[in-house]
**Student:** 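Below is a structure I'd like to ask you about.
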Amino acid sequence: MTGRTYALSDGNSFYCSCERVFDARLARVPVIVLSNNDGCAVARTSEAKALGIKMGDPWFKIRDLCRSGGVRAFSSNYALYGDMSARVNEVYARFSPRIEVYSIDESFLDLTDVRQADRMPLARDMRATVQAWTGIPTCVGIGPTKTLAKLANHVAKKVPELEGVCDLTDPVQYAHWMARIEPGEIWGIGPANARKLEALGCESVADVRDLDARVARKAMTVVGERLVQELRGVPCLDLEEVAPTRKGCAVTRCFSDRVEDLATMEQAVATHATRLGEKLRAGGLGTDHVTVFFHTSEHDRNRPQRSVSTVVSFPEASNDTIVLVKAAVFGVRKVWKPGYRYSKAGIVTTDLVPLEASQRAFPSMGQLDRENATALMAALDACNRRYGRGTVVPATAGVVQKREWATKFEMRSPRYTTRFEELPVVAA
DNA sequence: TCTGGGGTCCTAGGACCC
DNA sequence: TCTGGGGTCCTAGGACCC
């Protein structure tokens with residue numbers, strides 16, 4: 001196996017940085033971005049972290065602290081972050097022909113063909129270019145495996161003197177940092193495995209690397225064995241330039257207010273089914289069964305609890321919103337029981353198949369009108385792309401009722417880059 | 001008392017990721 | 001009053017088969 005080199009580049013406090021790009025007043029003040037329903041903090045700038053705000057802190061618990069600390073809090077603006085992510089990746093593409101977009105703010109780059117001496121300059125140039133062209137600050141980690149590139153990225157973020165870049169293909173850097181990072185920071189080591197490694201006497205990443213492969217396997221299955229190899233510089237994980245076809249798809253949401261009546265529950269799940277249809281069609285995928293679920297909240301102490309789910313099957317695979325909405329309503333009615341304060345509902349699919357190649361049902365066995373449905377859905381998607389999501393929906397998804405249950409985004413910034421009516425205005 | 005040997009498939013649950 | 005959403009992979013164990 002010839003040596004490989006990977007880089008992992010990620011945006012610093014990515015969602016917060018996106019907000020800062022469009023509002024210069026946010027430059028040096030603490031900023032956080034909240035999850036759906038303004039539930040909890042999911043992104044924090046270094047200033048916000050310094051105030052003691054933790055990942056996942058519920059908004060109602062930190063609201064006072066944010067007021068007194070001058071923290072600017074934003075609802076999630078996924079349209080903005082997704083668009084900014086695409087722009088950042090376009091810049092990355094100028095620095096490597098092989099890229100894996102790993103998440104909304106992280107990408108792996110193949111730097112195998114870049115000479116050792118040129119890697120750090122390339123990484124610095126890339127950082128500067130992304131900053132200049134998109135306004136997003138990044139950090140870059142380089143290593144002979146993806147796991148080591150991730151680790152290098154972690155070092156680049158934590159050690160200010162490195163100025164956002166770290167190269168673990170450099171033997172001196174490798175020896176230095178492997179002995180100084182705790183096992184819990186390794187990509188793939190969560191709280192449970194961190195405890196197991198501690199029990200095995202591992203105090204640093206170097207200790208994990210030097211674990212006997214069989215011991216690692218016994219403690220953490222094949223995942224652990226692979227991880228030890230990756231830490232030694234033996235690649236077990238390849239770059240995934242083409243995202244593998246997804247296997248499942250879900251649309252689930254907490255309600256902003258508790259739901260206690262059937263009509264509202266039907267409307268909510270039908271709305272989720274509508275969104276599910278869009279996601280499936282975007283990937284050319286279909287399914288012949290969906291799971292509908294809803295449940296109460298554990299936070300509602302002293303209230304009766306209930307959690308139900310039911311599977312609804314079709315004669316053949318589909319991604320037709322009409323079919324999905326009917327299934328959603330059917331499922332809700334089937335397991336509905338009044339007298340509870342429901343907090344969350346959703347529709348989930350597994351076993352997705354490429355619709356084009358999927359098995360048809362016999363005409364006499366309830367075959368769906370796929371041809372007409374495809375044309376109708378294409379028109380629906382085109383309308384909603386052009387005029388905004390939810391412009392055209394099936395009547396069953398309910399447009400008449402007030403959507404009091406709908407997710408709240410009360411502090412959302414404008415969708416600066418994806419909606420004409422929300423373009424930033426510059427006074428000169 | 002004793003109570004095969006293998007195989008596959010499916011599901012639930014745990015663990016991890018961002 | 002108020003606690004996110006959406007994925008993947010792996011294993012154990014049960015059902016079932018010959």
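Computation of the quantities below employed the complete heavy-atom set of this structure, encompassing side-chain atoms and omitting hydrogens, waters and symmetry-equivalent molecules. Residue numbering restarts at 1 for every chain, and letters A, B, ... go by the order of the sequence lines.
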**Student:** Kindly determine whether A:R87 and A:D83 satisfy salt bridge (Lys or Arg N to Asp or Glu O under 4.0 Å), including the steps that lead there.
**Tutor:** CA-CA 7 Å; A:R87 289 163 195 249; A:D83 186 62; 2.8 Å; yes
**Student:** Just by modelled atom types, is the A:R306 backbone N or O under 3.5 Å from a matching donor or acceptor in the A:T296 side chain?
**Tutor:**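 Checked: pair present.
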**Student:** Which part of the nucleic acid does A:R258 contact within heavy-atom distance under 4.0 Å: base, sugar-phosphate only, or nothing?
**Tutor:**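 Here A:R258 touches the backbone only, sparing every base.
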**Student:** Do the non-hydrogen side-chain atoms of A:V234 and A:T145 ever get within less than 4.5 Å of each other?
**Tutor:**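 A:V234 vs A:T145: side chains apart.
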**Student:** Please classify the nucleic acid contact of A:D105 as base, sugar-phosphate, or nothing, using heavy-atom distances under 4.0 Å.
**Tutor:**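 Touches sugar-phosphate only.
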**Student:** Contact list please: residues 294-306 of chain A against DNA chain C, heavy atoms, distance less than 4.0 Å, in numerical order.
**Tutor:**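 Within this stretch, A:H299 sit under 4.0 Å of the strand.
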**Student:** Mind checking if A:N37 touches a base, just sugar-phosphate, or nothing, with heavy atoms under 4.0 Å?
**Tutor:**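 No contact at all - A:N37 keeps every heavy atom at 4.0 Å or more from the nucleic acid.
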**Student:** Between the side chains of A:T5 and A:R119, does any donor sit under 3.5 Å from an acceptor?
**Tutor:**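 Side chains of A:T5 and A:R119: pair found under 3.5 Å.
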**Student:** For residues 63-72 of chain A, dump all side-chain donor-acceptor pairs below 3.5 Å to protein atoms at least two apart in sequence or in another chain.
**Tutor:**
{"from": "A:S68", "atom 1": "OG", "to": "A:D64", "atom 2": "O", "distance (Å)": "3.2"}
{"from": "A:S68", "atom 1": "OG", "to": "A:L65", "atom 2": "O", "distance (Å)": "3.1"}

**Student:** Could you tell me whether the side chain of A:R20 and the main chain of A:C16 form a donor-acceptor pair under 3.5 Å?
**Tutor:**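 Not at all, since once roles are kept as given, no pair shorter than 3.5 Å links the two residues.
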**Student:** Listed in order of residue number, which residues of residues 41-79 of chain A have a non-hydrogen atom at under 4.0 Å from DNA chain C?
**Tutor:**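 Listed by number, they are A:P58, A:F60, A:R63.
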**Student:** May I ask you to check whether A:R209 and A:S204 show a side-chain donor-acceptor distance below 3.5 Å?
**Tutor:**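 There is no such pair between these side chains.
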**Student:** Taking only heavy atoms on the protein side, list every residue of residues 186-219 of chain A lying under 4.0 Å from any atom of DNA chain C, sorted numerically.
**Tutor:**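 Hits under 4.0 Å, by residue number: none.
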**Student:** What are the bounds, 5' to 3', of the part of DNA chain C that sits under 4.0 Å from heavy atoms of chain A?
**Tutor:**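 Extent of the interface on DNA chain C: C:dC2 to C:dT11.
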**Student:** Can you run through DNA chain B from 5' to 3' and write each base as (, ), [, ], | or . depending on how it pairs? Watson-Crick or G-U wobble, both distances under 3.5 Å.
**Tutor:** ....||||||||||||||
**Student:** Will you find, in the side chains of A:S413 and A:N77, an N or O donor that is under 3.5 Å from an N or O acceptor?
**Tutor:**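 A:N77 and A:S413 do have a side-chain donor-acceptor pair below 3.5 Å.
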